[in-house]
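These notes concern the structure reproduced below.
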There are 2 protein chains.
Amino acid sequence: MPDLSIDVVAKAAGVHRSTVSRAFSRPEAVKSETREHILRVAEGLGYTMSPLAQALRRKTSTFIPLIVPDITNPFFAELAKTMTQAADERGYQLLLCVTNGDPAKTDGYFTAMQAMYAPFGIVAPSTKVDTEALKRFDFGHKVVVIDRVEGDDAVPTVTVDSRRGIMLALDHLHGLGHTSIGYVSGIAGTHTAQDRMDAYLELTAQSGSTPLVLDSGSDLDAGTRGAEHYLEMDSPPTAIIAANDMVAFAVISALGQRGVRVPEDVSVIGFDGLALGARFNPALTTIQQPIADMGHIAIELAEKQNADGSVDHIVLEPQLLVRGSTSGPRK
Amino acid sequence: MPDLSIDVVAKAAGVHRSTVSRAFSRPEAVKSETREHILRVAEGLGYTMSPLAQALRRKTSTFIPLIVPDITNPFFAELAKTMTQAADERGYQLLLCVTNGDPAKTDGYFTAMQAMYAPFGIVAPSTKVDTEALKRFDFGHKVVVIDRVEGDDAVPTVTVDSRRGIMLALDHLHGLGHTSIGYVSGIAGTHTAQDRMDAYLELTAQSGSTPLVLDSGSDLDAGTRGAEHYLEMDSPPTAIIAANDMVAFAVISALGQRGVRVPEDVSVIGFDGLALGARFNPALTTIQQPIADMGHIAIELAEKQNADGSVDHIVLEPQLLVRGSTSGPRK
DNA sequence: ACTGTTATTGCAACCGATCTCAGCAACCGA
DNA sequence: TCGGTTGCTGAGATCGGTTGCAATAACAGT
């Protein structure tokens, strides 16, 4: 592969390299006739521009980092999927950055993205986002966060309406005849997690029942602990809301190991709407987040911010997805 | 952030930029005194080298693409996780490339990685790898494949011993007293999938039983179809081997919806050893692949190939992981 | 025919490093 | 003291593009 630089194309097409450059990146600045000729020649040679060289000169690249705590978590995986899609639809390349919840790594990724002239980045946090920390890196580099942030200021966000989601879950369960409904958090740290829990607490109280938090831990073992807690109770709830699908899986699994059946003995509803839920045993009833939309919107927000400086906060509507893990309470 | 180039550091340290360059990338070529001074100054300014500029000049970067068909599949997610880890332990940045099984995209990613001077790439395929296609891009760019390849030649691979895995599963099931054992493929395309199925077929025949393939489709609905097939049988098998964990999940879920219980009515064993399996209902017995090892080894193989041109084919040992989805056959 | 646009294209500096080559000082043995 | 290493640093070309500016061509208007 004879090194294919812009100059060899230029020579082959009989023009100067700046013309080739323009033919690619500013088509309207070149006579259409010439442009087509150049493009044809380039095509023939199998030439593509070097994103590196471009980025270096332009001081802006097409690398966009997606910072997630754990790609193993299907929620982030689905997010990553739709985002890679959305990204390369627009000519970006997604850089997957996995932090394992380590803030130091997050910082590292930020400086790296800075150095690579990333036009912006997407953060799906596992902790409350430190807006100040973000600002430190905000010299021309924008970030959009997939979570709510405190103070509502400089950084665009996209989230789903947690309260509305919990309300949907509660309504569904009430409609089925449940009156005693427990909650397992299993996630903590993000504002979203907080919001879901708060919504549960408030809405339950409002409806006259007493909230019943089976576990508020932040790891996946919350499922196990929640199940144990459930078993110890004199009159356990007839339904359980899990803060997200993964926790719901864990709860059902732990319950199952102890002989409690879902939904026969207790209904369980999750929150996320993972594709995986459809293959669970039983298929999981859940509050579905429009993950695909979130990915696209995150990128749109970032581009919009870059273009006109506007900072939006998009809140999406969740949807109830009824599958097999909920039913009427046992008499 | 006053643009921090190598020149400003050079000026600040009172040396030429080439000395700064050497201080970073070839420390032994600079008087230790000078070097330390430079490093100190750089540190003070908060300077880091531009990976872009480096790559452009050196014609080799630290970007390493990981090409997977679907990050939503937990197997690839776990792989991606350990690989990002392994990658940035060695100073690389992993570029996640999701193909959705589209070979055209794979091609696109290859040319992109070529353009970015990636020192090598990792491919976890969803189809039989076309070695020839790889070669087209092999001008200085190496690839390691997470699957077996035909012909065994120029490309390094890492896989687990499929036959051994199936043997482990079969032994476990036999030990439990099962004699009639079915198989659901649910994946197809890769050599690995082929190998697992072949191993099942052979080993079953060898032990005198007749193989019983419930479904050999390649999508996840194989689970559903397999379950239906199972239900239609006069004397269904007492145990089922699924070609991978995801399919096992699907099978158990589909079976559950039709009132068949695992492991009471039928035992199911998966293949992969996903962390998720521990949270399934019931927790999934499975053949565990050493995914973390695979990630590290893949990178090592690539580096080794770059260094001394050697092409290795590593075959790892799978392990039986007994959890709750298998038990003795019902009388 | 002459001057004032406007459309195209070439020139050359520049982005932030790396690397070969050359220069220079200190050091070595004779 | 002198030629011959050896060690360290500076110069300047180069990687593959981009872009402001100048040059030329083409086209109007009068």
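Naming: A, B, ... by sequence-line order, numbering from 1 per chain.
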Consider the side chain of [X], meaning its heavy atoms from C-beta on, and name the nucleotide among [options] that approaches it most closely.
| X | options | value |
| --- | --- | --- |
| A:H16 | C:dC15, C:dT8, C:dA12 | C:dA12 |
| A:R17 | C:dA13, C:dT9, C:dA17 | C:dA13 |
| B:R58 | C:dT18, C:dG16, C:dG10 | C:dT18 |

Close side-chain approach of [X] to [Y], heavy-atom, < 4.5 Å:
| X | Y | answer |
| --- | --- | --- |
| A:F76 | A:L66 | no |
| B:P156 | B:V145 | no |
| B:Q305 | B:V311 | yes |
| B:L316 | B:Q289 | no |
| B:E78 | B:M294 | no |

Checklist entry - Base, sugar-phosphate, or nothing for A:A29, non-hydrogen atoms under 4.0 angstrom? => result base
Next on the checklist: Categorize A:T48 for me: base, sugar-phosphate, or nothing, with a 4.0 angstrom heavy-atom threshold over every strand shown.
Outcome noted: sugar-phosphate
Next on the checklist: What range of DNA chain D does chain A touch, first nucleotide to last, counting atoms under 4.0 Å from its heavy atoms?
Outcome noted: D:dG16 to D:dG20
Next on the checklist: Nearest heavy atom decides the nucleotide; on that basis, is A:R22 or A:I6 closer to the 5' end of DNA chain D?
Outcome noted: A:I6
For the pair made of [atom1] in [X] and [atom2] in [N], what is the distance, rounded to whole Å?
| X | N | atom1 | atom2 | result |
| --- | --- | --- | --- | --- |
| A:E28 | C:dT8 | CD | P | 11 Å |
| B:R26 | C:dT18 | CZ | P | 10 Å |
| A:R35 | C:dT9 | CZ | C1' | 15 Å |
| B:Y117 | C:dA17 | OH | P | 17 Å |
| B:F24 | C:dC19 | CZ | C1' | 17 Å |

Item to check | Donor-acceptor pair under 3.5 Å, B:S50 side chain vs C:dC15 base | outcome: no
Checklist entry - Can you tell me if A:E303 and A:Y92 form a side-chain donor-acceptor pair at under 3.5 Å? => result yes
Checklist entry - Side chains of B:T190 and B:D147: donor-acceptor distance under 3.5 Å anywhere? => result no
Next on the checklist: Could you check whether atom CD of A:E89 has more than 12 heavy atoms from other residues, nucleotides or ligands sitting under 6.0 Å from it?
Outcome noted: yes
Next on the checklist: Salt bridge check, B:E36 against B:K31: does any charged N sit closer than 4.0 Å to a carboxylate O?
Outcome noted: no
Checklist entry - Does A:T19 put a side-chain nitrogen or oxygen below 4.0 Å from OP1 or OP2 of C:dT8? => result no
Checklist entry - Taking OP1 and OP2 of C:dG16, is either one under 4.0 Å from a side-chain nitrogen or oxygen of B:Q54? => result no
Checklist entry - Where each residue is assigned the nucleotide of DNA chain C containing its nearest heavy atom, which of A:S18 and B:V20 is assigned the position nearer the 5′ end? => result A:S18
Item to check | Pair assignment for DNA chain C - dot-bracket with | for other-strand partners, Watson-Crick or G-U under 3.5 Å | outcome: ||||||||||||||||||||||||||||||
Item to check | Any donor-acceptor pair under 3.5 Å from B:N73 side chain to B:F75 backbone | outcome: yes
